[in-house]
Amino acid sequence: MRAAASVRAATTGLLLAHRLREQVPVWAPILEAARISTTCRHHPHRAATTTIFLSETEFGPRRGPRQGLFLFGPGALARHNGGFCAGVTLFAPLTEVRHLKSCIGQEVALRGWVRNARTSKTRFIELRDGSGFVQCVVGASEADAESYETAGKLTQESAISLTGIVQSHPKTGEPEILVKSLKLIAPSVDFPITPKDHGIEFLMDHRTLWLRSKRQWAIIRVRHTIVKAIRDFFDTDGFTLLDAPILTPSSCEGTSSLFETDYFHEGMAFLSQSGQLYQEPGVPAFGKVYCFGPTFRAEKSKTRRHLTEFWMVEPEMAFAGLEDVMQLGERMTKFILQRVLEGRQEELKILERDTAPLEIALKESFGRMSYTDSVAKLKELGSDINWGEDFGNDDETMLMNSMDRPLWVHRFPKSFKAFYMAFDPQSPELALGADLLAPEGYGEVIGGGERSSDIDYLLTQIEHHGLNLADYEWYLDVRRFGGVQHAGFGMGLERAVAWICRLPHVRETIPYPRMMGTLRP
RNA sequence: UCCGGUGUAGCUCAGUUGGUUAGAGCGCUAGACUGUUAAUCUGGAUGUCGGAGGUUCGAGUCCUCUCACCGGAGCCA
């Protein structure tokens with residue numbers, strides 16, 4: 001089927017082409033170029049290849065290739081006619097798998113990689129192009145002989161281009177391609193990750209190739225949506241982005257171990273384990289700020305919830321206390337859940353994620369429990385925890401087993417919280433902090449609270465924690481010059497992704513995980 | 001770092017109280033068959049049994065050391 005572009009569309013293309021003629025080299029980088037065969041009505045024997053630019057940036061996906069709105073680059077047509085020929089016939093416009101649902105009945109061209117090829121009389125190719133997955137059917141009667149031959153010899157992860165008619169799968173109803181022609185762009189020999197099971201060590205060693213798998217594709221796309229949701233949430237909520245440095249002169253919290261590196265005459269620099277202390281000076285400057293970037297912990301912890309390099313979003317706001325932190329964290333979490341549930345259904349389905357718990361977390365108010373109450377409850381449940389001790393992993397799961405939604409645990413003993421935490425004026429042994437525990441065994445996702453505005457208290461805290469006062473002078477300035485109540489939190493991105501995707505381990509939530517024993521690839 | 005476990009074909013694994021020529025499935029390869037979907041069926045090729053040392057007539061199997069990985073704990077987001 002040859003989809004002839006209407007005269008009007010062709011004329012539009014012609015006009016655009018004239019306008020673009022000089023600009024194409026400049027525009028090219030932002031346009032997507034595809035070489036597509038075209039023929040001219042007046043010179044049918046001069047079938048030629050020209051370059052067509054499909055610009056989604058300019059025209060949006062709704063006016064995609066099937067509408068025939070193209071920008072014509074200077075090509076063969078310009079040569080034989082001294083300009084552009086209006087009688088252009090286009091066929092098989094290049095598209096992406098994600099657009100196929102709106103292309104039923106059209107002829108399209110696709111490029112991508114062979115996920116799996118089942119050879120038989122009718123040949124089936126599972127194609128992925130990064131935007132989605134589609135089955136391509138190569139039948140002896142529909143495809144040309146050479147293409148049919150090629151389709152029978154395809155190996156896993158070969159790169160191919162093809163043209164064909166988009167139709168509905170007779171059984172599933174999903175779009176599939178009835179192939180007319182197929183070309184091998186680049187072969188792939190002995191792709192290591194076969195369709196059968198693999199061990200985690202092998203997969204981690206081949207992380208770059210593992211990213212091509214359906215499961216990893218789904219996870220990384222959910223991660224992307226979560227990152228975008230986080231940014232959109234703060235950007236539209238009046239927060240200003242205040243990037244925190246990654247190279248820092250000293251420990252931010254003085255607790256966990258840091259990665260060190262030589263830093264000229266300064267001696268040592270450390271990779272940041274939190275941007276929070278650098279957010280606080282942003283509070284009097286911008287009112288509400290956040291940072292979102294990688295952080296590093298040299299902890300020798302090997303668990304399903306730890307990475308040595310992970311991403312953290314850390315908002316900080318003026319004239320705010322513990323209650324504001326819990327409300328902000330809850331709103332943000334729900335915003336993220338909404339975005340994922342709206343836009344990533346296909347990915348959640350691939351991950352076999354039961355979305356019911358996410359729907360509950362989105363609709364219901366999060367639980368709240370003070371540390372003191374939760375210790376009492378844990379004792380009831382049989383834990384040997386004592387007041388004043390931090391939760392162990394078992395305590396956390398025990399506490400969450402009866403919860404069907406996230407839970408805020410608040411007002412911890414000061415003793416095991418960071419030096420800068422404000423204390424509760426009603427019971428000074430308590431810190432005004434709150435942690436958000438995710439359900440389904442995922443545990444702490446957010447930690448935050450109110451920061452102390454009391455400079456004298458902070459001075460004693462710094463001394464008490466054995467920190468070098470000189471390193472914190474700028475931090476104390478936040479209190480010296482118009483210090484006000486302020487509060488914020490940090491959310492570990494990978495833990496959020498792991499929970500929302502319901503993954504057994506955070507190592508799959510980041511493209512290139514860094515862990516205690518993992519630095520490559 | 002501590003405790004526990006695993007290491008055998010490219011991958012996932014089986015391999016008996018130590019015994020003679022180390023197996024299966026997948027993948028690969030040749031073919032058959034089929035709107036298939038981790039397709040199926042038939043044939044074929046494929047091994048430093050993690051490494052080093054030791055016990056023994058004989059070690060994939062037992063012992064010692066070592067390396068890698070997995071799971072858990074502590075610490076944390």
Side-chain angles (χ1 to χ4, degrees), chain A residues 115-127 133-140 142 151-153 155-157 167-172 174 176 178 188-206 209-210 213-215 252-253 255-258 273-276 292 294-314 329 389-397 416-418 433 435-438 442-448 489-499 504-507 509-510 515-518 520:
Chain A
R115 203 172 97 80
N116 194 12
R118 293 176 287 278
T119 59
S120 60
K121 194 174 165 194
T122 309
R123 278 140 197 193
F124 300 91
I125 302 161
E126 252 185 88
L127 186 77
F133 303 83
V134 67
Q135 169 165 280
C136 304
V137 185
V138 190
E142 294 90 358
K153 289 180 179 167
T155 54
Q156 199 189 346
E157 292 304 319
Q167 62 181 26
S168 289
H169 190 293
K171 287 175 193 166
T172 66
E174 292 291 307
E176 66 168 19
L178 188 58
S188 163
V189 182
D190 294 335
F191 189 73
I193 304 177
T194 59
K196 284 272 178 176
D197 287 337
H198 298 281
I200 191 66
E201 184 182 2
F202 180 78
L203 291 170
M204 289 292 285
D205 286 345
H206 295 82
L209 303 177
W210 191 21
S213 79
K214 211 167 187 173
R215 180 183 163 83
C252 275
E253 298 181 20
T255 50
S256 28
S257 29
L258 300 158
Q273 59 171 343
S274 164
Q276 193 231 301
F292 191 7
T295 47
F296 307 86
R297 307 260 166 112
E299 290 156 5
K300 290 184 176 172
S301 44
K302 283 167 67 169
T303 81
R304 65 182 68 184
R305 308 174 51 201
H306 284 86
L307 297 167
T308 52
E309 177 181 320
F310 64 97
W311 283 63
M312 189 154 65
V313 58
E314 294 173 281
E389 294 167 5
D390 206 349
F391 295 156
N393 219 311
D394 292 344
D395 295 320
E396 224 170 69
T397 37
F416 60 75
K417 285 290 169 183
D435 288 355
L436 184 69
L437 307 183
Y442 283 90
E444 189 179 346
V445 173
I446 292 179
F489 67 78
M491 183 184 78
L493 173 66
E494 287 74 17
R495 287 189 180 177
V497 178
W499 167 48
H505 200 297
V506 288
R507 65 187 159 216
T509 64
I510 186 166
M515 298 179 291
M516 196 177 141
T518 307
R520 293 188 174 82

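All chains are named by letter (A, B, ...) in the order of the sequence lines, taking the proteins before the strands, and each is independently numbered beginning at 1. All figures in this text were calculated on a predicted structure; none of them were measured in a lab.
Looking only at distances, no side-chain donor or acceptor of Arg305(A) sits under 3.5 Å from a matching main-chain atom of Arg495(A). The closest donor-acceptor contact from the side chain of Glu494(A) to the backbone of Phe310(A) lies at 3.5 Å or more, if one exists at all.
As a whole-Å value, the separation of Met204(A) CE from A68(B) C1' is 14 Å. One interatomic measurement links the two molecules: CD of Glu126(A) to P of A38(B), which rounds to 8 Å at whole-angstrom precision. One atom, CG of Asp390(A), and another, C1' of A73(B), lie 14 Å apart when rounded to the nearest Å. In this structure, Glu396(A) places its CD atom 11 Å from P of A77(B), rounding to the nearest Å. When rounded to the nearest whole Å, the span between CG of Asp205(A) and P of G50(B) equals 17 Å. Between the CG atom of Asp190(A) and the C1' atom of G27(B) there is a distance of 8 Å, given to the nearest Å. Straight-line distance from the CE atom of Met515(A) to the C1' atom of C76(B): 16 Å, rounded to whole Å. The CZ-C1' distance, from Phe416(A) to C76(B), rounds to 12 Å in whole Å.
Taking atom P in both G74(B) and G27(B), the straight-line distance is 43 Å, to the nearest Å. Between U46(B) and G23(B), the two C1' atoms lie 13 Å apart (nearest whole Å). Taking the P atom of each, A45(B) and A24(B) are spaced 11 Å apart, rounded to whole Å. A77(B) and A14(B) have their C1' atoms separated by 42 Å, with the value rounded to a whole Å.
The base-pairing partner of C41(B), taking Watson-Crick or G-U wobble contacts with both distances under 3.5 Å, is G31(B). Across all strands shown, A73(B) forms a Watson-Crick or G-U wobble pair, both distances under 3.5 Å, with U1(B). Pair check for G18(B) finds none; no Watson-Crick or G-U wobble contact set falls under 3.5 Å.
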Per-nt protein contacts along nucleotides 29-36 of chain B (heavy atom under 4.0 Å; B base, S backbone sugar-phosphate only, - none) come out as -----BBB
Quick one: do Thr194(A) and Gln156(A) satisfy side-chain hydrogen bond (donor to acceptor under 3.5 Å, both in side chains)? Show the steps, please.
CA-CA 8 Å; Thr194(A) 59; Gln156(A) 199 189 346; 5.9 Å; no
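Closest to the side chain of Asn393(A), from the set U37(B), G71(B), A73(B), is A73(B). For Phe310(A), taking side-chain heavy atoms from C-beta onward, the closest of the listed nucleotides U37(B), A38(B), A77(B) is A77(B).
Counting non-hydrogen atoms under 4.0 angstrom, Gly139(A) reaches nothing in the nucleic acid.
Taking only side-chain nitrogens and oxygens, Arg305(A) never comes nearer than 4.0 Å to OP1 or OP2 of G71(B).
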Name the pairs: protein N/O against N/O of nucleotides 3-12 of chain B, kept only if under 3.5 Å.
from   : atom 1 : to        : atom 2 : distance (Å)
C11(B) : O2'    : Asp197(A) : O      : 3.1
C11(B) : O2'    : His198(A) : ND1    : 2.5
U12(B) : OP1    : Gly199(A) : N      : 2.8

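Relative orientation of the His206(A) and Phe202(A) rings is tilted, given thresholds of 30° and 60° on the angle between their planes.
Of the two residues near RNA chain B, His505(A) and His306(A), the one whose nearest nucleotide lies more 5' is His505(A).
Taking all atoms of both residues into account, the shortest heavy-atom contact from Glu396(A) to Glu444(A) is OE1-N, 3.4 Å. The minimum heavy-atom distance between Met204(A) and Thr518(A), with the atom names listed, is CE-CG2, 4.0 Å.
With a 6.0 Å radius and a threshold of 12 heavy atoms from other residues, nucleotides or ligands, Lys153(A) has its NZ atom at or below the threshold.
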